[in-house]
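Data block below; observations after.
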Amino acid sequence: GFLAGFKAAYPKWISVDERLPENDDDYLVFTSEAIEVELATYYGDGEWLTPDLDNLTRFVTHWMPLPEAPKEG
């Protein structure tokens with residue numbers, strides 16, 4: 001049905017215990033410390049830093065790719 005297609009296209013949280021990103025890039029992360037969603041850059045070797053260069057590595061429990069930017073027009 002309609003919702004099945006919608007849900008399939010919706011990003012899902014991925015546990016860091018399951019796998020880490022293949023590419024060094026920006027991701028949405030969920031942290032155990034603040035129990036919140038943040039933007040963080042993955043630098044390989046399991047290292048996560050915020051745009052302010054705060055190290056979130058030991059707090060990140062889940063991650064997901066950023067959604068695509070809105071299309072103009």
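The model shown is predicted, which means the values in this text are computed figures rather than measured ones.
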Do Leu66 and Asp25 pass the side chain to side chain contact (heavy atoms under 4.5 Å, CB included) test, and can you show the C-alpha distance, the side-chain angles, and the key distance before you say yes or no?
CA-CA 10 Å; Leu66 295 176; Asp25 206 346; over 6 Å; no
Correct closest heavy-atom pair for Thr50 and Glu38 would be CG2-OE1, 3.8 Å
May I ask you to check whether over 12 heavy atoms, not counting those of Glu18, lie within 6.0 Å of atom CD?
yes
The reported gap from OG1 in Thr31 to CZ in Arg58 (rounded to nearest 0.5 angstrom) is 12.0 Å
Between Leu39 and Phe30, is there shared hydrophobic-cluster membership here, with clusters defined by ILVMFWY side-chain heavy atoms closer than 4.5 Å?
yes
State, to 0.1 Å, how close Ala40 and Leu56 come at their nearest heavy-atom pair, and which atoms those are.
CB-CD1, 4.2 Å
Rounded to the nearest 0.5 Å, what separation is found between the OG1 atom of Thr61 and the CD1 atom of Ile35?
7.5 Å
Any sub-3.5 Å donor-acceptor pair from Asn55's side-chain atoms to Thr57's backbone N or O?
yes
Taking it one step at a time, do Ile14 and Met64 satisfy side chain to side chain contact (heavy atoms under 4.5 Å, CB included)?
CA-CA 6 Å; Ile14 300 165; Met64 75 167 61; 5.6 Å; no
Is there a side-chain contact between Leu20 and Tyr27, using heavy atoms and a 4.5 Å cut-off?
no
Starting from the C-alpha separation in whole Å, work towards a yes-or-no answer on side chain to side chain contact (heavy atoms under 4.5 Å, CB included) for Phe59 and Trp48.
CA-CA 9 Å; Phe59 303 116; Trp48 298 92; over 6 Å; no
Quick one, Glu68 with Lys71, criterion salt bridge (Lys or Arg N to Asp or Glu O under 4.0 Å). Give me CA distance, side-chain angles, the key distance, then yes/no.
CA-CA 9 Å; Glu68 288 184 23; Lys71 305 263 189 287; 3.1 Å; yes
Looking at every non-hydrogen atom in both residues, tell me the closest pair between Val29 and Trp63 and how far apart they are.
CG1-CB, 4.1 Å
Check side chain to side chain donor-acceptor pair (under 3.5 Å) between Asp26 and all other residues, then give those that pass, not counting sequence neighbours.
Thr41
